[in-house]
Amino acid sequence: MRFTVSSTALSSKLTALSRVINAKNSLPILADFVFDIENNTLRLTASDSENVMTTELPLTESDGNARFAIGNKDLLEGVKGFSEQPITFDINQETNIAKISYQNGMFSMPIESADDYPQSQSVSDSAAVISLPSNILADNLGRTLFATAQDELRPVMNGVYFDLTPECLAIVASDGHKLVRNKVLSIHSEQPASFILPKKPATLLRNMLQKEGGDVVIRFDDRNAEITFDEGVIICRLIEGRYPNYNSVIPQNNPNILTVDRLTLLSALRRVQPFANDSSNLIRFRVEGSTLQLNAEDFDFSKTATEQMNCEYNGQPISIGFKGSSFIDILNNFDCQEVTIQLADPSRAGLVLPSEQPEGQDVLMLMMPMLIND
């Protein structure tokens, strides 16, 4: 059996699929890609047993149908770096050999029967459904993923929480020290539903989504989700458990309002942070009048740093401590010119918001303060 496919299209799809495959697999065949050729279309599949990604691409030509598995690493290396050209696969399922030829050469590889490849878990017929534009989901995942935890004791914190309510769809992540809540106001349902998407499939999805793509359809039940988008389908096992009440930790009245240029603050934090104590990474924010002052110190190594910048501030003078690296992460995940920081007192969480919200959305990030000694 023979088929021909575009080199750049194949390489792009295989590179995306390879991110699903683990370095070590419970079943040897999970180190393979599955090729399924039918009706002049190539369907590619990769899995780590909990996450399955499938994508399709058209074939230039094909003389039949076939289904087989082939090792991911050698194939990826073999097709990497080609200029655009046709690649032809000659599949001999009696000798279990695939010969791959291209403009200036060829290589051959063993293939395996795809019958031993694990089947993906299906989503029940009673599954809930969320549909939203791919660009909105990509932006929200991009803003949210950095705040997920790596906590073996609280696995529910290790994913992105989708909370569908009569008011909106909230997309949330938190590691207990920082929290991100995105509200998509155009998506809502009279029947509340929620699920926790693990970080790995959320990252795979974020990397695959196109800014100009169509809608993403998410079907989910208590155990699994099926996510369909322009580039393919991801089926994954969800994190089971109850997500904490994230709204209860968001302060409703932080009266001290600070507005500052995002990139100016980001640059200053990057300069000051190396002088903070390595273990605490504490940066002191001192705001008074129209001046924001950042202070870092590490007395163990006789290091200190101070930087001031102009800001707009409406409130009482305040001095509050934040973890420098986390605040840098927060600022990196906005794309606005200015941010508004809402503060109450040195013991209460600070809120960071874009000066202008994205259309139809409400974005909020929260930072827990650190104890400072005056």
Side-chain angles (χ1 to χ4, degrees), residues 142-151 157 173-182 249-251 254-357 363-374:
R143 276 194 296 266
T144 306
L145 279 164
F146 82 97
T148 55
Q150 292 181 327
D151 191 336
M157 308 293 283
S174 176
D175 61 4
H177 302 287
K178 55 185 177 289
L179 178 145
V180 180
R181 185 197 66 190
N182 306 277
V249 303
I250 300 174
N254 277 9
N256 302 312
I257 310 299
L258 162 68
T259 302
V260 64
D261 183 85
R262 179 180 67 90
L263 293 178
T264 300
L265 177 55
L266 181 59
S267 298
L269 281 169
R270 285 173 171 160
R271 285 189 290 269
V272 170
Q273 184 198 16
F275 297 87
N277 181 276
D278 286 343
S279 60
S280 67
N281 206 234
L282 170 66
I283 306 291
R284 183 196 301 257
F285 286 59
R286 172 71 183 173
V287 198
E288 186 170 2
S290 60
T291 301
L292 167 61
Q293 179 172 304
L294 304 177
N295 295 300
E297 55 194 29
D298 186 350
F299 292 130
D300 292 340
F301 293 93
S302 301
K303 297 191 300 183
T304 63
T306 299
E307 185 160 340
Q308 294 182 345
M309 69 200 72
N310 293 326
C311 66
E312 296 179 19
Y313 184 59
N314 182 12
Q316 298 296 315
I318 188 172
S319 186
I320 185 170
F322 291 113
K323 186 172 183 177
S325 57
S326 294
F327 217 102
I328 288 172
D329 285 342
I330 282 180
L331 295 176
N332 270 328
N333 284 280
F334 282 115
D335 55 10
C336 53
Q337 181 176 344
E338 293 184 328
V339 291
T340 297
I341 304 172
Q342 301 179 0
L343 305 170
D345 61 60
S347 64
R348 290 177 59 186
L351 301 180
V352 187
L353 299 88
S355 55
E356 292 186 15
Q357 293 284 359
V363 180
L364 172 151
M365 301 195 190
L366 175 149
M367 272 286 295
M368 296 302 296
M370 299 180 70
L371 181 65
I372 55 177
N373 297 316
D374 290 321

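The figures that follow rest on heavy atoms only: side chains count, while hydrogens, waters and symmetry mates do not.
In terms of modelled atom types and a separation under 3.5 Å, the side chain of Arg262 and the main chain of Phe334 share a donor-acceptor contact. Counting only distance, with no hydrogens or angles, the side chain of Glu288 and the backbone of Ile318 share no donor-acceptor pair below 3.5 Å. A distance-only check finds a donor-acceptor pair linking the side chain of Asn256 to the backbone of Ala344 [under 3.5 Å].
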Passes side-chain contact (heavy atoms from CB on, under 4.5 Å), Ile330 versus Phe146? Steps please. CA-CA 8 Å; Ile330 282 180; Phe146 82 97; 3.9 Å; yes
Test log, rule side-chain contact (heavy atoms from CB on, under 4.5 Å), inputs Lys178 and Phe327: CA-CA 9 Å; Lys178 55 185 177 289; Phe327 217 102; over 6 Å; no
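Put simply, the side chain of Asp175 does not reach to within 4.5 Å of the side chain of Thr148, judged on heavy atoms. Within the 4.5 Å cutoff, the side chain of Leu366 has heavy atoms near those of the Ile250 side chain. With contacts defined as side-chain heavy-atom distances shorter than 4.5 Å, the pair Leu258/Leu292 qualifies. In this structure, the side chains of Glu312 and Ser290 stay at 4.5 Å or more apart for every pair of heavy atoms.
Using modelled atom types and a 3.5 Å distance limit, the side chains of Asn310 and Thr291 yield no donor-acceptor pair. Glu297 and Asn295 form no side-chain donor-acceptor contact under 3.5 Å, judged by distance and modelled atom types alone.
In this view, Asp261 satisfies the salt bridge (charged side-chain N to carboxylate O under 4.0 Å, His left out) rule with no residue, not counting sequence neighbours. With sequence neighbours excluded, the residues that form a side chain to side chain contact (heavy atoms under 4.5 Å, CB included) with Leu282 are Ser280, Met370, Ile372.
The number of heavy atoms from other shown groups lying within 6.0 Å of CD (Gln316) does not exceed 12. When the shell of 6.0 Å around CG of Asp335 is examined, it contains 12 or fewer heavy atoms from other residues, nucleotides or ligands.
Classification of the Phe285-Phe322 ring pair by plane angle, with boundaries at 30° and 60°, yields perpendicular.
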